[in-house]
Amino acid sequence: MEATKDQRIWQVVLAIPKGKVASYGQVADMAGLGRQARYIGRALGKLPEGHKVPWYRVIRSNGQIAFPEGSSTFERQKCLLEQEGVVVVEGRVKMSQFRWQP
DNA sequence: CATTTGACTATTC
DNA sequence: TGAATAGCCAAAT
């Protein structure tokens with residue numbers, strides 16, 4: 001458990017503005033992990049319950065959500081995204097409009 | 001621009 | 001060692 005990387009990831013995810021989304025690759029790059037996008041998902045999955053990390057703002061590079069439809073996690077993510085103003089359809093986000101562009 | 005397939009890497013248990 | 005994973009990329013459609 002390299003908490004340093006996880007913490008950096010959380011920090012980056014926390015930096016995502018409301019109403020926008022970022023891809024795992026983007027987060028990985030910003031966190032200094034480079035191309036280890038998979039580690040992001042791993043780290044987010046290990047998060048404790050009381051975290052304030054908007055993990056739901058993190059999606060795939062194509063704007064598609066990482067979970068299968070109908071899953072609790074998916075539903076939660078979709079609901080939270082819509083709450084932020086992001087439109088989610090068929091498990092994917094409207095790409096060219098909500099992607100966080102630093 | 002949107003979608004699908006296939007091949008790849010890195011981390012973890 | 002082997003298997004699994006909240007991914008990414010490129011190419012083709």
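Chain letters run A, B, ... following the sequence lines, proteins first, then strands; residues in each count from 1. The figures that follow rest on heavy atoms only: side chains count, while hydrogens, waters and symmetry mates do not.
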K.L.:
Tell whether A/Arg38 reaches the base of C/dT5 with its side chain through a donor-acceptor pair below 3.5 angstrom.
P.N.:
yes

K.L.:
Any strand is fair game: report the nucleotide pairing with C/dC9 by Watson-Crick or G-U wobble, both distances under 3.5 Å, or none.
P.N.:
B/dG6

K.L.:
Is A/Tyr24 side chain donor-acceptor paired with the C/dA6 base, going by distance under 3.5 Å alone?
P.N.:
yes

K.L.:
Can you tell me how far C1' of B/dT4 sits from CD of A/Glu90, to the nearest Å?
P.N.:
16 Å

K.L.:
Between P on B/dT11 and CG on A/Leu33, what's the gap in Å once rounded to a whole number?
P.N.:
9 Å

K.L.:
Pick out which of A/Leu44, A/Val86, A/Leu80 makes a side chain to side chain contact (heavy atoms under 4.5 Å, CB included) with A/Tyr56.
P.N.:
A/Leu80

K.L.:
Starting from P on C/dG7, measure out to CD1 on A/Ile59 and report it in whole angstrom.
P.N.:
12 Å

K.L.:
Can you tell me which nucleotide in C/dA6, B/dC13, C/dC8 comes closest to the side chain of A/Leu44?
P.N.:
C/dA6

K.L.:
Check whether any side-chain heavy atom of A/Met30 sits under 4.5 Å from a side-chain heavy atom of A/Gln11, and report yes or no.
P.N.:
no

K.L.:
Does any nucleotide pair with B/dT12 by Watson-Crick or G-U wobble geometry, both distances under 3.5 Å, and what is it?
P.N.:
C/dA3

K.L.:
So, OP1 or OP2 of B/dT3: does either fall under 4.0 Å of a side-chain N or O from A/Arg92?
P.N.:
yes

K.L.:
With rounding to the closest Å, how many angstrom separate the C1' atoms on C/dA4 and B/dT9?
P.N.:
14 Å

K.L.:
Under 4.0 Å between any heavy atoms, over every strand shown, what does A/Arg76 touch: base, sugar-phosphate, or nothing? Just pick one.
P.N.:
nothing

K.L.:
Taking atom C1' of B/dT4 as reference, at what distance in whole Å does atom CZ of A/Arg60 sit?
P.N.:
13 Å

K.L.:
If we only count heavy atoms from C-beta on, is the A/Glu84 to A/Val21 side-chain gap below 4.5 Å?
P.N.:
no

K.L.:
Which nucleotide, B/dA10, B/dT12, C/dC9, lies nearest any side-chain atom of A/Arg35?
P.N.:
C/dC9

K.L.:
With heavy-atom distances below 4.5 Å as the criterion, would you say the side chains of A/Tyr24 and A/Arg38 are in contact?
P.N.:
no

K.L.:
Over how many whole Å does the gap from A/Phe67 atom CZ to C/dA4 atom P extend?
P.N.:
19 Å

K.L.:
Is there a side-chain contact between A/Lys46 and the phosphate of B/dC13, meaning an N or O under 4.0 Å from OP1 or OP2?
P.N.:
yes

K.L.:
With a 4.5 Å cut-off on side-chain heavy atoms, are A/Asn62 and A/Arg92 touching?
P.N.:
no

K.L.:
Measuring only between side-chain heavy atoms, which start at C-beta, is A/Val53 closer than 4.5 Å to A/Val58?
P.N.:
no

K.L.:
Could you state the CG-C1' distance from A/Leu81 to C/dA6, rounded to the nearest angstrom?
P.N.:
13 Å

K.L.:
From CG of A/Asp29 over to C1' of C/dC9, roughly how many Å is that when rounded to an integer?
P.N.:
15 Å

K.L.:
Tell me the interatomic distance from A/Ile40, atom CD1, to C/dT5, atom P, rounded to whole angstroms.
P.N.:
19 Å

K.L.:
Within the pair A/Ser61 and C/dC8, is there a side-chain N or O less than 4.0 Å away from OP1 or OP2?
P.N.:
yes

K.L.:
Classify the side chain of A/Arg42 and the base of C/dT5 as holding, or not holding, a donor-acceptor pair under 3.5 Å.
P.N.:
yes

K.L.:
With the side chain of A/Tyr39 defined as its heavy atoms from C-beta on, choose the nearest nucleotide among C/dC8, C/dA6, B/dT12.
P.N.:
B/dT12

